[in-house]
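The block underneath contains the structure these notes are about, expressed in structure tokens.
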2 protein chains.
Amino acid sequence: MTSKQEFIEKLRNSNLRPTKQRINICEVLFNRDKTFHFTINDLFNLIKDKTGEKVSLATVYNTVHAFHKKGYLKEIPINSNQTYFDTNVTDHHHFFDVKEEKLIDLKNEDVGPIEIQKSIPGKKIKSVEVLVKLED
Amino acid sequence: MTSKQEFIEKLRNSNLRPTKQRINICEVLFNRDKTFHFTINDLFNLIKDKTGEKVSLATVYNTVHAFHKKGYLKEIPINSNQTYFDTNVTDHHHFFDVKEEKLIDLKNEDVGPIEIQKSIPGKKIKSVEVLVKLED
DNA sequence: TCGTTGTTTATAATTATTCTAAAGAAGATT
DNA sequence: AATCTTCTTTAGAATAATTATAAACAACGA
């Protein structure tokens with residue numbers, strides 16, 4: 001069970017005041033056992049369902065972006081009409097079931113080490129992500 | 001130099017009649033030495049520049065999607081406001097310079113072989129793509 | 001050439017995301 | 001607790017990529 005104090009800490013670290021709405025968002029994002037893949041719209045609907053209170057879409061966007069910037073959320077690179085985020089911010093990769101539009105985690109051990117043997121002067125590697133598309 | 005006949009063949013294979021507009025699109029897409037990363041909007045503007053003729057945005061979308069479906073174009077999984085495509089449909093990976101919003105090819109040799117040691121019942125792997133994000 | 005079917009186009013519709021500005025809440029200071 | 005400042009929430013408007021529409025037009029086959 002994640003405590004409200006942790007949510008407040010996460011919010012403060014992200015330069016956000018802990019408001020009722022943002023705590024509700026945290027409740028849905030972080031109070032769970034398994035990693036959570038979502039779109040803003042998923043999250044928006046879940047907040048209503050799980051907390052019984054509505055938070056405006058603009059607030060959901062703002063808060064998610066602040067968390068992403070701070071590193072509490074990870075953006076998953078997929079071409080989809082909507083942007084996907086992940087509460088698992090550790091280095092890991094994804095399956096994407098194209099038909100069902102569903103993301104599945106790949107543990108780091110499930111994918112061998114990836115060596116990038118090319119570099120661009122003046123640039124450094126920020127992240128390496130593997131996307132495995134699945135079909136039937 | 002790619003010939004008009006090849007364009008027509010590509011179009012026919014994609015279930016598209018070879019029209020003037022579509023040939024112009026092919027001219028910009030396929031008549032080049034190096035791989036070409038683009039957004040629909042890039043392409044739309046290049047057609048005007050290179051052929052001197054305007055093709056409607058709707059036609060560009062339709063044609064690109066047909067080529068993508070047929071496998072003559074590849075979609076590059078990046079979260080961006082626009083969708084990126086690639087004329088290089090062989091298995092390969094990308095750098096993405098986040099600051100400049102620019103894609104750079106990685107040859108397959110630049111990235112070691114990637115072994116996916118997990119499988120999902122009833123699903124098979126369609127593609128494996130690595131995206132390496134670059135920062136300064 | 002004619003008839004059928006597919007295509008192009010401008011424009012409207014849709015949809016995700018961002019912006020705006022007014023009303024409200026948090027935090028600091030007394 | 002009252003007050004002031006600063007940040008936040010919200011509904012709704014604005015933006016921007018993409019998709020749909022339907023009327024004029026072009027390709028194809030007979």
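Every chain is numbered from 1, with letters handed out A, B, ... down the list of sequences.
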Looking at [X], I'd like to know whether one of its side-chain N or O atoms comes within less than 4.0 Å of OP1 or OP2 on [N].
X	N	answer
B:Thr39	D:dA17	no
A:Gln21	C:dA25	no
A:Arg22	D:dT9	yes
A:Lys54	D:dA11	yes
B:His65	D:dT18	no
B:Tyr61	D:dT19	no

Compute the ring centroids of B:Phe30 and B:Phe67, then answer whether they are less than 6.0 Å apart.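 Here the rings of B:Phe67 and B:Phe30 have centres that are less than 6.0 Å from each other.
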Aromatic contact between A:His68 and A:Phe85, with the criterion being ring centroids under 6.0 Å apart: yes or no?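 Under 6.0 Å, so yes.
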Touch check for A:Thr59, heavy atoms < 4.0 angstrom, all strands: base, sugar-phosphate only, or nothing?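 Base contact - A:Thr59 has a heavy atom under 4.0 Å of at least one base atom.
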Is it true that atom CD of A:Glu115 has more than 12 heavy atoms of other residues, nucleotides or ligands lying nearer than 6.0 Å?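 No - once you tally the heavy atoms of other residues, nucleotides and ligands closer than 6.0 Å, there are 12 at most.
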Tell me whether A:Lys126 at atom NZ has more than 12 heavy atoms from other residues, nucleotides or ligands lying less than 6.0 Å away.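 Atom NZ in A:Lys126 is not crowded, with 12 or fewer foreign heavy atoms closer than 6.0 Å.
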Calculate the interatomic distance between [X] atom [atom1] and [N] atom [atom2]; express it in whole Å.
X	N	atom1	atom2	result
B:Asn41	D:dT19	CG	P	14 Å
B:Ile8	C:dG6	CD1	P	19 Å
B:Phe44	C:dT8	CZ	C1'	13 Å
B:Asn62	C:dT9	CG	P	11 Å
B:Leu57	D:dT18	CG	C1'	8 Å
B:Ile23	D:dA26	CD1	C1'	14 Å
A:Asn24	D:dT8	CG	C1'	15 Å
B:Lys20	C:dT9	NZ	C1'	12 Å

Between B:Glu27 and B:Lys20, is the salt bridge (Lys or Arg N to Asp or Glu O under 4.0 Å) condition met? List the steps. CA-CA 10 Å; B:Glu27 205 68 64; B:Lys20 182 160 56 83; over 6 Å; no
Measure from the side chain of A:Thr19, starting at C-beta and using heavy atoms only, and say which of D:dT9, D:dT18, C:dC19 lies closest.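 Closest nucleotide among those given: D:dT9.
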Closest to the B:Val55 side chain: C:dG27, C:dT9, C:dT5?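 The answer is C:dT9, which lies nearest to the side chain.
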In terms of the nearest nucleotide of DNA chain D, which residue is placed more toward the 5' end: B:Ile40 or B:Arg17?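 Result: B:Ile40.
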Please name all residues satisfying ring pair (Phe, Tyr, Trp, His ring centres under 6.0 Å) with A:Phe96, sequence neighbours left out, ordered by chain then number.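 With neighbours one apart ignored, the set is empty.
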Value rounded to 0.5 Å, distance of CG in B:Asp42 from NE2 in B:His37: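 Rounded to the nearest 0.5 Å, the CG-NE2 separation comes out at 11.5 Å.
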Would you jot down, in residue-number order, the residues of residues 70-88 of chain B having a non-hydrogen atom under 4.0 Å from DNA chain D?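 Those residues whose heavy atoms fall under 4.0 Å from DNA chain D, taken from residues 70-88 of chain B in numerical order, are B:Asn81, B:Gln82, B:Thr83.
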Just jot down the salt bridge (Lys or Arg N to Asp or Glu O under 4.0 Å) partners of B:Asp110, sequence neighbours excluded, or say none.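 Expected list: none.
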